[in-house]
Amino acid sequence: MHSPRIAISAALLGALALPLTSASAATAAPAVVATAVPASSCTSHPYLPWAVHGTNAVTIRSKPSVKSTAVGILYKSHRFTVHKSTKGAKWVSITDKTTGVKGWVSGTYVYRDVRMCLD
């Protein structure tokens with residue numbers, strides 16, 4: 001099932017690598033010196049902050065439901081504290097540090113970026 005995809009991917013990667021391996025030393029791009037970062041350094045960083053993503057503002061609601069009363073707006077530039085989230089992070093309980101409003105916002109638009117660690 002996935003073997004045609006693998007074969008196509010392998011062929012594309014091979015075609016992309018071919019010009020790099022056949023280039024002479026005079027035409028090859030200058031080598032970039034990369035510094036190795038220990039694997040432990042990635043996990044030692046604190047979590048990334050919570051932020052509003054995908055929109056400029058999100059409605060703060062009194063309960064974790066789109067039918068509940070709107071109590072405020074959380075703008076992309078605002079800082080906020082997350083207290084808890086519902087199962088599956090569908091709704092997130094927050095306090096907007098800019099306005100002091102407490103309530104629930106959609107987990108679709110409010111989340112933490114993920115720090116990626118490559119070995």
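Heads up: numbering here begins at 1 and tracks the sequence. Treat the numbers as computed from the prediction; the structure is a model and nothing was measured.
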Y111: ring-ring contact (aromatic ring centres under 6.0 Å, His included) partners, not counting sequence neighbours: H53
NZ/K67 to OG/S62 distance, rounded to the nearest 0.5 angstrom? 14.0 Å
Rounded to the nearest 0.5 Å, what separates atom CH2 in W104 from atom CD1 in I60? 13.0 Å
How about R112: does its CZ atom have over 12 heavy atoms from other parts shown lying under 6.0 Å from it? yes
Of V92, V105, I94, which meets side-chain contact (heavy atoms from CB on, under 4.5 Å) against S85? V92
With a 4.5 Å heavy-atom cut-off, do T99 and F80 have their side chains touching? no
Kindly give the cluster partners of Y75, where membership spreads through any ILVMFWY side chain lying under 4.5 Å from a current member. I73
Does NZ belonging to K63 count more than 12 external heavy atoms closer than 6.0 Å? no
Is a side-chain donor or acceptor of R61 paired with a backbone partner of S68 at a separation under 3.5 angstrom? yes
One pair to check against side chain to side chain contact (heavy atoms under 4.5 Å, CB included): Y109 and T59. What are the steps and the verdict? CA-CA 10 Å; Y109 301 107; T59 304; over 6 Å; no
Closest approach of V58 to S106 (non-hydrogen atoms, all atoms of both residues): CG1-N, 4.2 Å
Any side-chain donor near an acceptor of the partner, T95 and H83, under 3.5 Å: yes
Show the nearest heavy-atom pair for residues T98 and H78, with the distance to one decimal. OG1-CG, 3.5 Å
